[in-house]
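Each remark here refers to the structure printed beneath this line.
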Amino acid sequence: MGTDVLTKGFLDIPIDLSLDLFREIDKLKKEKNAIILAHYYQDADIQDIADFIGDSLALSQQAAKTSADVILFAGVHFMAETAKILCPQKKVLLPDLNAGCSLADSCPADKFAEFKAKHPDHLVISYINCSADIKALTDIICTSSNAEQIVKSLPQDQKIIFAPDKNLGAYIKKKTGRDMLLWDGSCMVHEIFSLEKIIKLKHQHLNAKIIAHPECEPAVLDLADYIGSTSGLLNYVKKSDVKEFIVVTEPGILHQMNKANPEKLFLAAPPNNSCACNDCPHMKLNTLEKLYNCLKYEQPEITLSEELIQKSKKPILRMLELSAQFGL
Ligand code: 13P
Ligand code: SF4
């Protein structure tokens with residue numbers, strides 16, 4: 001079994017097809033005092049079985065305060081890693097170790113360390129979508145929910161490096177008027193939305209509001225009526241009187257939008273390829289079957305060295321402190 005995990009990145013153990021996985025996972029959760037944390041980009045069935053669903057900030061806040069012994073993270077690697085950094089004494093599980101993140105991968109630690117060394121007078125703010133090694137090179141972590149406030153809270157003359165997402169960085173530069181040095185990284189999902197197809201969809205739904213995640217490219221963000229993190233987008237559609245929305249982010253978010261607003265229409269923005277939707281291939285590696293095996297056998301588990309935990313924890317705690325001050 002251990003070899004399976006090492007070679008494939010997940011437990012490829014056949015499951016009895018007659019099992020009710022919802023019930024079995026629930027039973028395992030109780031037996032092991034485990035909690036399932038899921039991101040909004042997970043499949044609907046995984047969101048439905050989770051104890052907590054949220055954006056990256058809410059998920060890290062939840063991980064920091066849970067009293068569970070085991071955290072099963074239904075998300076991607078950097079999210080589970082963040083939970084482990086915050087709770088080193090707990091067992092943190094990720095159903096498939098292959099669930100990475102193109103944005104985190106676009107910022108290798110050795111290259112970033114060289115870049116940082118060239119700008120010793122700059123403070124480093126990194127988006128949470130990065131590896132623990134990058135977090136260890138960072139002064140303050142941020143998410144799309146708090147990046148603007150964190151940047152605004154720094155003295156005007158403070159020089160800043162913002163990594164790894166150039167699109168979120170450019171958006172925050174525009175919002176705050178701060179001249180930040182941006183790392184050239186991006187998300188494979190948010191950078192391939194098609195401007196032309198979004199405009200075409202808008203022509204077919206003239207009353208629809210376009211709402212977008214700040215990881216999208218500037219030309220797409222220029223079209224948007226509202227820009228926000230996944231939880232920001234969810235709150236916006238709940239409060240709005242409008243009945244139709246073109247949603248420019250990973251379509252997993254539509255599950256909660258539809259659940260909370262059954263009378264409204266949510267249209268997933270199309271990418272610039274032949275696919276109809278724009279799923280994150282990393283997020284979608286998690287399945288109910290993998291969750292079940294992962295919880296049952298408590299593998300794959302996230303492990304990090306004590307030194308890396310100590311170094312990468314400081315900038316995350318700084319983010320959590322600042323977010324509490326901002327009332328987030
Ligand atoms: P948020 O849910 O924090 O907005 O992040 C989006 C994302 O891309 C996560 O991978
Ligand atoms: Fe990474 Fe983009 Fe997938 Fe989020 S949606 S996990 S940023 S690749």
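Both counts, for ligands and for their atoms, begin at 1 and track the order of listing. Since we're looking at a predicted model, the values are computed, not measured. Just so you know, these numbers use all the heavy atoms, side chains as well, and skip hydrogens, waters and symmetry mates.
Around atom 2 (Fe) of ligand 2, the protein atoms of type N, O or S that sit closer than 2.8 Å are C187 SG.
At the shortest separation from atom 10 (O) of ligand 1 among protein heavy atoms lies N129 ND2, 3.4 Å. Closest protein heavy atom to atom 4 (O) of ligand 1: H213 NE2, 2.7 Å. Protein heavy atom nearest atom 5 (O) of ligand 1, with residue, atom name and distance: S56 OG, 3.5 Å.
Under a 3.5 Å cut-off, the side chain of N278 and the backbone N or O of P270 do not form any donor-acceptor pair. Between the side chain of Q42 and the backbone N or O of G252 there is no donor-acceptor pair closer than 3.5 Å. Remark: the backbone N or O of F10 is not paired with any side-chain donor or acceptor of D96 at under 3.5 angstrom. Under a 3.5 Å cut-off, the side chain of D55 and the backbone N or O of Y40 do not form any donor-acceptor pair.
Close N/O approach between T143 and ligand 1 is not found [any backbone or side-chain N/O within under 3.5 Å]. Between H39 and ligand 1, an N or O atom pair is found at a separation short of 3.5 Å. The distance criterion of under 3.5 Å between nitrogen or oxygen atoms is met by T230 with respect to ligand 1.
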Pairs of donor and acceptor atoms involving the side chains of residues 100-116, under 3.5 Å and at least two apart or interchain, shall be tabulated with distances.
| from | atom 1 | to | atom 2 | distance (Å) |
| --- | --- | --- | --- | --- |
| S102 | OG | M188 | N | 2.8 |
| S106 | OG | L103 | O | 2.6 |
| K116 | NZ | L137 | O | 3.0 |

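Of all atoms in ligand 1, listed by their number and element, those nearer than 4.0 Å to a heavy atom of E215 are 6 (C), 7 (C), 8 (O). Every atom of ligand 1 is numbered from 1 in the order shown, and the set under 4.0 Å from a heavy atom of S229 is 4 (O). With ligand atoms numbered from 1 in the order given, ligand 1 contributes 1 (P), 3 (O), 4 (O) to contacts under 4.0 Å with heavy atoms of S144. Numbered from 1 in the order shown, with element, the atoms of ligand 1 that lie under 4.0 Å from a heavy atom of M79 read 9 (C), 10 (O). For ligand 1, the atoms lying closer than 4.0 Å to a non-hydrogen atom of M283 are 10 (O). Atom numbering of ligand 1 starts at 1 in the shown order; those under 4.0 Å from a heavy atom of Y127 are 5 (O).
Of the residues T249, T230, N286, the one that meets the side chain to side chain donor-acceptor pair (under 3.5 Å) test with Y41 is T249. With respect to Q310, the side chain to side chain contact (heavy atoms under 4.5 Å, CB included) criterion is satisfied by exactly one of K314, E307, E306: E306. With Y171 as the partner, the side chain to side chain contact (heavy atoms under 4.5 Å, CB included) test is satisfied by one option alone out of T176, I227, D165: I227.
Rounded to the nearest 0.5 angstrom, L168 CG and K175 NZ are separated by 12.0 Å.
In this structure, the ring-ring contact (aromatic ring centres under 6.0 Å, His included) partners of Y226, at least two apart in sequence or on a different chain, are Y236. Applying the salt bridge (Lys or Arg N to Asp or Glu O under 4.0 Å) criterion to K90, with sequence neighbours excluded, gives no partner residue.
Using a 4.0 Å cut-off between charged nitrogen and carboxylate oxygen, K29 and D26 count as a salt-bridge pair.
L97 and V70 are assigned to two separate hydrophobic clusters, defined by single-linkage of ILVMFWY side chains at heavy-atom distances under 4.5 Å.
Proximity of Y40 to ligand 1, defined as any heavy-atom pair under 4.0 Å, is not found for any part of the residue.
Not a single heavy atom of E250 lies less than 4.0 angstrom from ligand 1.
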